[in-house]
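Sequential numbering from 1 along the given sequence is applied to the chain's residues.
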Amino acid sequence: MSTSAAVRKAVIPVAGLGTRFLPMTKAMPKEMLPVVDKPAIQYVVEEAVGVGIDDILMITGRNKRALEDHFDRVPSLEATLEEKGDAKKLAAIQESSNLGDIHYVRQGDPKGLGHAVLCAERHVGNEPFAVLLGDDLIDERDPLLGEMIRVQQATGGSVVALMEVDPEQISSYGCADVTAVEGEGFVQVHGLVEKPDPADAPSNLAIIGRYVLHPAVFGVLHQTAPGRGGEIQLTDALQALARHDGEGGGVYGVVFRGRRYDTGDKLSYLKAVVQLACGREDFGGDLRSWLKDFVADGAEAPAAQL
């Protein structure tokens, strides 16, 4: 196995339309949906910064201005809080604007994850980089991205995050065909299947939204024809890299067994909010106590319309 350079940059695709959250996302990016008291996207940026990556490129689209505003300074609000002596709230709003060096590039037409990654080519250049998808929030107590970077540096290839799921649920995910790497805590990926029938799935290892990619992926993506849904699929490019023996070839997987919060649809988003809120030191205990009483009372579902 070859070694690779340090990973200094992260790419976060945020150009999606968020149709599963309409009408909320008609005017607000889905990445700005609150998870307790921070937008979901801030958790993702904090994860990258937590492993030493402070050069972050967001691949945006129309109606995403709120993302840029959130990570920008608001001098008038800062001045107001400072005058009031509210140091706690002042520190909270300054935190998001001091996380790192954040850049923005528009994708234009949403042509798939592979196309979004291609939009980062000029910024990334010829060095390995991380890709973080905003639908997956990884608990800061369970390291994943740092381990993926270590594997990428050790192998010189590309690395995907994998998670074991119920075999009957694998049809909702991309699935990896893998073999163990002797003496190592990661696996080698030989193939990727998008949303297979459970009977045809090569494993129960699902791909989740974290990647550490060799820059060779850009050349492959340029040659990748539109696939499922008429979009340029990153999984198609990774399939080619898995079979490539030259520089940047080989795809490996880190199997994640920690805490992951899915915010990709309404129900899973609500579960993520409750789980993270219950873990808060300031009010988590009160919330857990209330939830126990709420469930014990057998509360009926309220009317759909208030």
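Annotation: the span from D262 atom CG to M163 atom CE amounts to 8.0 Å, rounded to 0.5 Å. Note that CD of Q223 is 14.5 Å distant from CZ of F218, once rounded to the nearest 0.5 Å. With rounding to the nearest 0.5 Å, the separation of CG in D37 from CD in Q42 is 9.0 Å. Interatomic distance, R62 CZ to Q107 CD, rounded to the nearest 0.5 Å: 11.0 Å. How far CZ of R259 is from CG of L137: 13.5 Å, rounded to the nearest 0.5 Å. A distance of 11.5 Å separates CG in L144 from CG in D139, rounded to the nearest 0.5 Å.
By the 4.5 Å heavy-atom criterion applied to side chains, T155 and F186 are counted as neighbours. No side-chain heavy atom of Q233 sits under 4.5 Å from any side-chain heavy atom of T224.
In this structure, L17 is not a member of the same hydrophobic cluster as L113, with clusters built from ILVMFWY side-chain heavy atoms closer than 4.5 Å. Hydrophobic clustering (ILVMFWY, side-chain heavy atoms < 4.5 Å, transitive): I93 and V45 are in distinct clusters. A single hydrophobic cluster is not seen to contain both M28 and L22; linkage of ILVMFWY side chains at heavy-atom distances under 4.5 Å, directly or through other members, places them apart. Under the 4.5 Å side-chain heavy-atom criterion for Ile, Leu, Val, Met, Phe, Trp and Tyr, I56 and V124 are members of distinct hydrophobic clusters. Taking hydrophobic clusters as Ile, Leu, Val, Met, Phe, Trp and Tyr residues chained together by side-chain heavy-atom distances below 4.5 Å, V7 does not share a cluster with V217.
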Decide ring-ring contact (aromatic ring centres under 6.0 Å, His included) for Y261 and Y43; before the verdict, give the C-alpha distance in whole Å, the side-chain angles of both, and the deciding distance to 0.1 Å. CA-CA 11 Å; Y261 309 103; Y43 288 87; 8.5 Å; no

Donor-acceptor contacts, no H, no angles, side chain residues 198-212, under 3.5 Å, sequence neighbours left out:
unit_1	atom_1	unit_2	atom_2	d
S203	OG	A176	O	2.5
S203	OG	L205	N	3.1
N204	ND2	V165	O	3.1
R210	NE	E47	OE1	3.1
R210	NE	E47	OE2	3.1
R210	NH1	L133	O	3.0
R210	NH1	D136	O	3.3
R210	NH2	E47	OE1	2.7
R210	NH2	D136	O	2.6

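Residues D55 and H123 bring a donor and an acceptor atom of their side chains to less than 3.5 Å of each other.
Of all non-hydrogen atoms in Q239 and H190, the two that sit nearest each other are OE1-O, 4.2 Å.
With L213 as the fixed residue, the side chain to side chain contact (heavy atoms under 4.5 Å, CB included) test singles out one of V160, L234, V159: L234.
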